[in-house]
Structure formats: C-alpha cells, structure tokens
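Next up is a structure, given as structure tokens.
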There are 2 protein chains.
Amino acid sequence: MRSCLTSEEIKTRLSLAGVNPTAQRIAICRFVLCDADHPTADDVKTWADKNFPMVSRATVYNTLNTLVQVKILKEVRVSHSNKVMYDSNTEHHYHFFDETSGKLIDIDPDRVEVKADLPKGFKMHEMEIVFKGKVK
Amino acid sequence: MRSCLTSEEIKTRLSLAGVNPTAQRIAICRFVLCDADHPTADDVKTWADKNFPMVSRATVYNTLNTLVQVKILKEVRVSHSNKVMYDSNTEHHYHFFDETSGKLIDIDPDRVEVKADLPKGFKMHEMEIVFKGKVK
DNA sequence: ATCTTAATTTAGAATTAGTCTAAAGTTATG
DNA sequence: CATAACTTTAGACTAATTCTAAATTAAGAT
Ligand SMILES: [Mn+2]
Ligand SMILES: [Mn+2]
Ligand SMILES: [Zn+2]
Ligand SMILES: [Zn+2]
C-alpha cells in the first residue's frame with residue numbers, strides 16, 4: 001500500500017522516534033509501513049518467516065508494541081475479530097469493514113461529518129468509527 | 001441497570017427466541033439483562049460463582065454465544081481491551097468509553113448525526129462509533 | 001410412569017493470542 | 001579492545017475462549 005520507503009528513510013523514522021534501527025525492526029517496518037494493509041501480528045510473523053527468517057515471535061510482538069508506543073503504528077480492534085490489527089495510518093481516520101473480504105479500508109475523515117450532542121460532563125477527545133458493509 | 005425483568009418475562013424472551021429456558025440460562029439472562037452493564041464473560045462467571053454457583057465456565061460462554069446468536073445480546077470489542085463485552089442493548093446505539101472508569105456508556109443515536117460520503121461501490125449497513133474521553 | 005432420545009451442562013483439556021524470562025547476541029561508548 | 005547497555009531469541013507462561021467427551025436433565029413416545 002502507499003509508496004514504499006527506502007531503508008534509509010525507515011532508519012531515519014525509527015531514529016527520530018528514538019528507536020534503534022536494527023535489522024529486524026527495519027524489516028518489520030518495511031512490511032507494515034509499505035506492503036501490508038492493517039496486518040495482524042500473525043500476518044507479520046508469517047511474512048517474516050518467508051522473507052526475513054531471522055525474526056522471532058517475541059521480536060514481532062516487541063517491535064509492534066514499540067512502534068505503537070512511538071506512534072509509528074496504531075492498534076485497531078474491531079468486533080468481528082479477536083486479533084489486534086496494526087495500522088500504518090496514524091493520522092486520524094475511520095474504517096470501512098468489508099464483510100466480503102474481511103479487510104479494513106481507510107476512510108478519509110474529510111468524507112465524514114459527525115455532530116454529537118454528548119451528555120453534560122462528557123469530554124470527548126477521540127472518536128472511532130467503523131462502517132460495515134460490502135464493497136463491490 | 002434498566003428495569004428488571006421477572007423470571008417469567010425472561011423465560012418468554014428465551015422461548016420466543018427458540019432457546020430453552022433452563023435455570024442456568026435464566027440466571028445468566030437476569031444478570032446480563034437486568035443487573036450488569038456491558039459485562040465480560042468473566043464478569044458473568046464471577047457473578048454466577050457468588051449468586052448461582054451451578055454454572056460452569058463452559059455454560060457461561062455457551063450461553064453468551066447463544067444469546068448473541070439469537071440477538072438478545074450484542075458483542076462489543078474495543079481497542080482498549082482484549083475481552084468481549086456483552087451488550088444488552090441490541091438497539092442501534094453508540095458508546096462512550098470513559099477512560100477514567102474503563103466503562104462503556106450507551107449513547108443514544110438520536111444525539112449523533114453522521115453524514116458519510118463513502119466511496120462509490122461501498123454499501124454500508126451498519127456503523128459502530130466509540131467516543132473516547134472522560135466523564136466528570 | 002417408563003423408556004428412549006435429544007438437549008444441556010460440566011470438568012477439564014486444548015487452542016489462540018499475546019507476554020514474560022533468562023540466556024545469548026549485538027551495538028554503543030570510553 | 002573492554003564494558004555496559006540494548007536487542008533478540010526460544011520457549012515457558014498467561015489469559016481468553018473453545019472444544020471434548022462424559023454425566024445430567026428435559027422431552028417425547030409408548
Ligand atoms: Mn498491544
Ligand atoms: Mn463470541
Ligand atoms: Zn486504517
Ligand atoms: Zn451499549
């Protein structure tokens with residue numbers, strides 16, 4: 001998905017975020033930032049086993065958690081799955097869940113207008129929306 | 001939460017849904033429909049152990065899954081927890097996640113107006129919204 | 001009521017997703 | 001180079017949920 005970053009660019013992003021750009025982290029980053037689309041940890045591990053067979057399960061989870069902490073990724077959990085999905089789009093956006101493919105599709109928040117009249121005393125600072133349906 | 005149903009009313013609801021109203025199912029229903037607020041399976045089990053100590057873990061999960069199937073409950077999964085929460089409100093509604101208490105609060109959809117201009121070919125039939133913030 | 005079958009519940013094993021541990025390997029620094 | 005700090009790893013562990021197979025209970029037919 002999105003234009004692929006070079007190794008150098010990935011290194012820079014990691015360093016700027018205060019994360020040492022190790023080989024494993026760069027490899028995982030390349031996959032989650034360039035090739036994958038809302039992958040699960042298991043998707044990452046499966047890819048690594050094929051393409052970069054020097055990454056342990058622990059490192060996959062450690063790295064994904066680190067990337068979430070430094071806001072290079074966002075965690076997404078949705079009602080139809082019990083696995084965490086990792087989102088390389090850290091900008092505010094929404095999702096469409098395609099019931100046919102089981103995939104999440106990003107929805108630009110500019111296409112969505114929400115007016116919520118929340119009860120008194122509710123201070124909202126974030127909103128998650130998942131549209132569900134089919135894409136044809 | 002909401003006005004408590006009598007045993008008879010619960011029996012009727014289960015029967016109408018095609019589910020045999022066994023003692024365990026009635027007990028679980030009373031808890032999830034009358035007393036609990038977006039409980040997890042574990043909440044149900046903990047309550048059962050105290051108040052109706054004849055319900056196994058398997059029955060808790062079986063019953064909750066059955067109640068979801070017959071649409072007496074809805075499953076809710078949200079990004080801050082890896083446990084399924086069971087919602088006795090099966091009407092279309094949204095949620096506010098109170099980051100202080102960790103609880104979900106129902107939001108009447110009449111208070112929320114959403115205008116989504118989804119891409120061509122997207123047929124949406126349901127929308128999930130979780131507002132996040134704090135209630136004071 | 002008794003027999004027979006189907007539905008339900010149960011304890012505990014199994015599975016799945018994810019975390020933790022402690023040792024081994026790597027990287028950064030003086 | 002030496003040493004400390006950081007990272008990775010295999011595999012043990014945990015938490016949530018599902019599965020299995022036996023025991024219990026309920027329903028239906030004589
Ligand atoms: Mn996480
Ligand atoms: Mn379920
Ligand atoms: Zn996304
Ligand atoms: Zn609700």
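Reminder, nothing fancy here: chain letters follow the sequence lines and each chain counts from 1. Everything numeric in this text was worked out from a predicted model, so none of it was measured.
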Worksheet item: Roughly how many Å is it from NZ in A:Lys45 to P in D:dT8, rounded to a whole number?
Response: 14 Å

Worksheet item: When we call it a touch if two heavy atoms are under 4.0 Å apart, what does A:Asp42 touch: a base, just sugar-phosphate, or nothing?
Response: nothing

Practice prompt. Could you tell me the separation between the CD atom of B:Gln69 and the C1' atom of C:dT8, rounded to a whole number of Å?
Written response: 15 Å

Worksheet item: How far does NZ of B:Lys74 sit from OG of B:Ser88, to the nearest 0.5 angstrom?
Response: 10.5 Å

Response to the item:
Of C:dT9, C:dG18, C:dG12, the nucleotide closest to the side chain of B:Asn62 is C:dT9

Worksheet item: What is the distance from NZ of A:Lys83 to C1' of D:dT17, rounded to the nearest Å?
Response: 14 Å

Worksheet entry | Distance, rounded to the nearest Å, where A:Asn82 contributes CG and C:dT15 contributes P | 16 Å

Worksheet item: For B:Lys134, does the NZ atom have more than 12 heavy-atom neighbours from other residues, nucleotides or ligands under 6.0 Å away?
Response: no

Discussion item. Could you tell me how far apart A:Glu75 (CD) and C:dT19 (P) are, to the nearest whole angstrom?
Written reply: 8 Å

Worksheet item: Would you say C:dG18 has OP1 or OP2 under 4.0 Å from some side-chain N or O of A:Tyr61?
Response: yes

Discussion item. Let's test your reading of the model: under 3.5 Å, does the base of C:dT8 pair with the side chain of B:Arg25 as donor and acceptor?
Written reply: no

Worksheet, complete the sentence: Comparing B:Ala41 with A:Gln24, nearest DNA chain D nucleotide closer to 5' gives the residue A:Gln24

Worksheet item: Under the side-chain hydrogen bond (donor to acceptor under 3.5 Å, both in side chains) criterion, do A:Thr59 and A:Asn62 qualify, and how do the steps go?
Response: CA-CA 5 Å; A:Thr59 295; A:Asn62 287 343; 5.0 Å; no

Practice prompt. Provide, to the nearest angstrom, the distance between the CZ atom belonging to B:Arg77 and the C1' atom belonging to D:dA15.
Written response: 14 Å

Discussion item. I'd like to know if A:Lys132 pairs up with A:Glu99 as an ion pair, taking the criterion as any Lys NZ or Arg NE/NH1/NH2 lying under 4.0 Å from an Asp or Glu carboxylate oxygen.
Written reply: no

Worksheet item: Is there a side-chain polar atom (N or O) of A:Asn20 under 4.0 Å from OP1 or OP2 of D:dT7?
Response: yes

Worksheet item: Given the side-chain rings of A:His38 and A:Tyr86, with only the six-membered ring counted for Trp, is the space between their centroids under 6.0 Å?
Response: no

Practice prompt. Let me know, please, whether A:Ala23 or B:Ala58 comes out on the 5' side of the other along DNA chain D by nearest nucleotide.
Written response: A:Ala23

Worksheet item: Hey, which of these two, B:Val19 or B:Arg57, hits DNA chain C nearer its 5' end, going by closest nucleotide?
Response: B:Val19

Worksheet item: Are OP1 or OP2 of C:dT19 and a side-chain N or O of A:Asn65 less than 4.0 angstrom apart?
Response: yes

Item to complete: Using whole Å, report how far CG of B:Leu67 lies from P of C:dT8.
Response: 12 Å

Worksheet item: Is any side-chain N or O of B:Thr22 closer than 4.0 Å to OP1 or OP2 of C:dT9?
Response: yes

Worksheet item: Atom CG of A:Asp49 and atom P of D:dA10: how far apart are they, to the nearest Å?
Response: 10 Å

